Amino acid sequence: MPIDSRIQIGEPPPPGTLPRQMFAQVVRQDRFGDPLEAFRIEEVAVPEPGPGEVLVAVMAAGINFNNVWAARGVPIDVIAERRRKGEPWDFHIGGSDASGIVHAVGGGVESVAPGDRVVVHPGHWAPDDPWVQAGNDPMLAPSAKIWGYNTNFGSFAQFCLAQEHQILPKAPHLTWAEAAAPTLVGTTAYRMLLGWDGHRLEPGDLVLVWGGSGGLGTQAIQLAAAHGADAVAVVSDDKRGEYAVRFGAIGYLNRGDFSHWGVPPHWEEPSYGAWLKEARRFRKALSEIAGGRAPRIVFEHPGEATIPTSAFVCAPGGMVVICAGTSGYSAMVDLRYQWVLQKRLQGSHGTNDEQARAYNDLVRAKRIDPALGEVVPFHEIGRAHRDMANGIEVFGNRVALVGAPDAEAGASA
């Protein structure tokens, strides 16, 4: 039943009631740019779940780089994109990771019920999409989106709205903050490492993991270890390398020890030789850690600064798989090493239900740690995104508290 009284941040809403308004961290087009300015707390109407939808009272929300992009309005204006498709809202409520309690469900929802303690995975698509109905991978469908980035009413609010298939059971041993930390990066990493025929992670594989101490990297390292593979992390300092080793990396490379990052010179320029010499030095250092092996899979997300090296060091017949471009989008590779050594460059985006459930099962079985890093209060969501945009890195995953009173709340086992 709708009520007018406001629920305060840090309080779960009473079961059986539905406030008309909620507090949310809102982005609007006239504030695009610096995330600290783009995000502002506003009161907005609580969305009502439609057929196949679930309204979740958010306890904690994970912070990911995708909403740095949303706050900037680059590479796309997510608000304008949705309005062109007929959606009425002139604002964006982001957040692609949530832990919380099912509060209400729409028509036809049968797998979850109010009171269930859940997390939300970020794969979102139209259930009537012909591609999906034909049994194909939904994340390759024309309607595929990332929830809380391409869609509105993500987790940076007291209530979020998701599709039924996105709802997964929360691991009982995790706090609300821990449970909100890893799902987007973990399911993304799972698809990258286990989603591509011919290059699925296998026991004995070597995986090179960029950003090994961050959210994506810590999940990739653990997934490699859980499947009998070895991971070598690339990090920005020795403390981060030690952190990556804690999560299962067999060693690490400090990128500060090398100087060839960014788009390399053209192969005909004299300075290309200096770049190649440094890339070979990186490859040798990696080989020494890995006992002479080259990585069958290179786990990429920085993009512009690192893709040339990734393609160079990848094993013959191996795969460089990439899910983002946090250092830029212009990638250059020396095609001589690509075609002669038959290497694969594979884009990867989001997760489908099968992959998300498999990843969540590993978390619930305590085989994957969420790698909880910085926990911030709700009002600091903009600051946390600014830090992320400015390259102020944290160990593991950033999380904001919403309905949870503190970072210790929520574990039940």
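Quantities reported herein were computed from a predicted structural model and do not represent experimental measurements. Both backbone and side-chain heavy atoms feed into the values below; hydrogens, waters and symmetry mates do not.
Between the side chain of E380 and the backbone N or O of P377 there is no donor-acceptor pair closer than 3.5 Å. Of the possible donor and acceptor atoms, none in the side chain of W176 sits under 3.5 Å from a partner among the backbone N and O of A411. The main-chain N or O of L372 is never found under 3.5 Å from a side-chain atom of N397 such that the two would form a donor-acceptor pair. The backbone N or O of N66 sits nowhere less than 3.5 Å from a side-chain atom of N64 that would complete a donor-acceptor pair. Judged by distance alone, with hydrogens and angles left aside, the side-chain atoms of E304 form a donor-acceptor pair with the main-chain N or O of S330 at under 3.5 Å. Remark: side-chain polar atoms of K343 are paired, donor with acceptor, to backbone N or O of C314 under 3.5 angstrom. Put simply, the side chain of Q158 never gets that close to the backbone of M22: no donor and acceptor are under 3.5 Å apart. For R31 (side chain) and V26 (main-chain N/O), a donor-acceptor pair under 3.5 Å exists by modelled atom type. Looking only at distances, no side-chain donor or acceptor of S99 sits under 3.5 Å from a matching main-chain atom of V119. In this structure, the side chain of S213 does not engage the main chain of A244 through any donor-acceptor pair within 3.5 Å.
A search for ring pair (Phe, Tyr, Trp, His ring centres under 6.0 Å) contacts involving W147 returns nothing, not counting sequence neighbours. Judged as a side chain to side chain donor-acceptor pair (under 3.5 Å), and not counting sequence neighbours, the contacts of R386 are D34. The salt bridge (Lys or Arg N to Asp or Glu O under 4.0 Å) test applied to D257 returns no partner, not counting sequence neighbours. In terms of the ring pair (Phe, Tyr, Trp, His ring centres under 6.0 Å) criterion, Y190 has no residue partners (sequence neighbours excluded).
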Side chains of residues 201-210: which donor-acceptor pairs under 3.5 Å do they make with residues two or more places apart or in other chains?
{"unit_1": "D205", "atom_1": "OD2", "unit_2": "E202", "atom_2": "N", "d": "2.8"}
{"unit_1": "D205", "atom_1": "OD2", "unit_2": "R296", "atom_2": "NH1", "d": "2.8"}
{"unit_1": "W210", "atom_1": "NE1", "unit_2": "S310", "atom_2": "OG", "d": "2.8"}

Using a 3.5 Å cut-off and no angle test, enumerate the donor-acceptor pairs between side-chain atoms of residues 68-80 and protein atoms at least two apart in sequence or in another chain.
{"unit_1": "D77", "atom_1": "OD1", "unit_2": "I79", "atom_2": "N", "d": "3.0"}
{"unit_1": "D77", "atom_1": "OD1", "unit_2": "A80", "atom_2": "N", "d": "2.9"}
{"unit_1": "D77", "atom_1": "OD2", "unit_2": "Q29", "atom_2": "NE2", "d": "2.9"}

Output a table of donor-acceptor pairs, distance under 3.5 Å, between side-chain atoms of residues 102-116 and any protein atom two or more places apart or on a different chain; print 'none' if there are none.
{"unit_1": "H103", "atom_1": "NE2", "unit_2": "T17", "atom_2": "O", "d": "2.3"}
{"unit_1": "S111", "atom_1": "OG", "unit_2": "E164", "atom_2": "OE2", "d": "2.7"}
{"unit_1": "D116", "atom_1": "OD2", "unit_2": "A113", "atom_2": "N", "d": "2.9"}

Show me the donor-acceptor pairs within less than 3.5 Å that the side chains of residues 125-135 make with the rest of the protein, sequence neighbours left out.
{"unit_1": "D129", "atom_1": "OD1", "unit_2": "W131", "atom_2": "N", "d": "2.9"}
{"unit_1": "D129", "atom_1": "OD2", "unit_2": "S143", "atom_2": "N", "d": "3.1"}
{"unit_1": "D129", "atom_1": "OD2", "unit_2": "S143", "atom_2": "OG", "d": "2.7"}
{"unit_1": "W131", "atom_1": "NE1", "unit_2": "D137", "atom_2": "O", "d": "2.7"}

For residues 358-367, run the donor-acceptor check on the side chains, cut-off 3.5 Å, and write out each pair with its distance to 0.1 Å, sequence neighbours left out.
{"unit_1": "Y359", "atom_1": "OH", "unit_2": "Q219", "atom_2": "OE1", "d": "2.6"}
{"unit_1": "N360", "atom_1": "ND2", "unit_2": "P169", "atom_2": "O", "d": "3.0"}
{"unit_1": "R367", "atom_1": "NH2", "unit_2": "A226", "atom_2": "O", "d": "2.9"}

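Residues D237 and N254 bring no donor and acceptor atom of their side chains to less than 3.5 Å of each other. Between the side chains of D238 and Y252, at least one donor N or O lies within less than 3.5 Å of an accepting N or O. With no hydrogens or angles considered, no side-chain donor-acceptor pair links H260 and R281 at under 3.5 Å. A side-chain donor from one of E278 and S259 sits under 3.5 Å from a side-chain acceptor of the other.
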For side-chain contact (heavy atoms from CB on, under 4.5 Å), just list the numbers for F378 and I381, CA-CA rounded to whole Å, side-chain angles, deciding distance to a tenth of an Å, and then say yes or no.
-> CA-CA 6 Å; F378 185 72; I381 284 176; 3.8 Å; yes

Derivation and outcome, side-chain contact (heavy atoms from CB on, under 4.5 Å), residues F156 and H385 | CA-CA 12 Å; F156 297 153; H385 281 85; 3.5 Å; yes

Does the pair S155 and V120 meet the rule for a side-chain contact (heavy atoms from CB on, under 4.5 Å), with working shown?
-> CA-CA 9 Å; S155 60; V120 183; over 6 Å; no

Report the C-alpha distance between R40 and R28 in whole Å, list the side-chain angles of each, state the deciding distance to 0.1 Å, and finish with yes or no for side-chain contact (heavy atoms from CB on, under 4.5 Å).
-> CA-CA 9 Å; R40 290 187 190 173; R28 293 185 183 273; over 6 Å; no

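With rounding to the nearest 0.5 Å, the separation of NE2 in H124 from OG1 in T351 is 14.5 Å. C323 contributes atom SG, which lies 9.5 Å from atom NE2 of H349 (distance to the nearest 0.5 angstrom). In this structure, CG on N152 lies 9.5 Å from CG on D90, to the nearest 0.5 angstrom. Here the straight-line distance linking atom CZ of F65 with atom CG of N67 works out to 11.0 Å at 0.5 Å rounding. The line from OG of S96 to CG of N150 is 8.5 Å long, rounded to the nearest 0.5 Å.
Contact annotation: the side chain of F299 never approaches that of I221 to less than 4.5 Å [non-hydrogen atoms, C-beta and beyond]. Side-chain atoms of I41 and H379, non-hydrogen and from C-beta on, do get closer than 4.5 Å to each other. Taking 4.5 Å as the limit, every side-chain heavy atom of V54 sits out of range of all side-chain heavy atoms of P49. You'll find the side chain of T188 reaches within 4.5 Å of the side chain of L216, heavy atoms only. Side-chain contact between N352 and T187 is absent, with no heavy atoms from C-beta onward closer than 4.5 Å.
The heavy-atom pair separating G347 from W196 by the smallest distance is O-CZ2, 3.5 Å. Looking at every heavy atom in both residues, P19 comes nearest to I7 through CG-CG1, 3.6 Å. Taking both residues in full, the closest heavy atoms of A177 and L401 are given as CB-CD2, 4.2 Å, listed atom of the first, atom of the second, then distance.
Sorted by first and then second residue, the pairs that involve residues 317-341 and meet salt bridge (Lys or Arg N to Asp or Glu O under 4.0 Å), not counting sequence neighbours, are D334-R336. The list of salt bridge (Lys or Arg N to Asp or Glu O under 4.0 Å) pairs with a residue in residues 44-57, not counting sequence neighbours, is empty. Sorted by first then second residue, the salt bridge (Lys or Arg N to Asp or Glu O under 4.0 Å) pairs that include residues 166-180, not counting sequence neighbours, number zero.
Taking the ring centroids of H165 and H121, they lie under the 6.0 Å cut-off.
Shown here is E43, whose CD atom has more than 12 heavy atoms of other residues, nucleotides or ligands within 6.0 Å.
A cation-pi arrangement, defined by a distance under 6.0 Å to the six-membered ring centre and an angle within 45 degrees of its axis, is present between R240 and F395.
Looking at E374 and R398, a side-chain N of the basic residue comes within less than 4.0 Å of a carboxylate O on the acidic one, giving a salt bridge. Between R344 and E300 no salt bridge is recorded (no basic side-chain N to carboxylate O distance below 4.0 Å).
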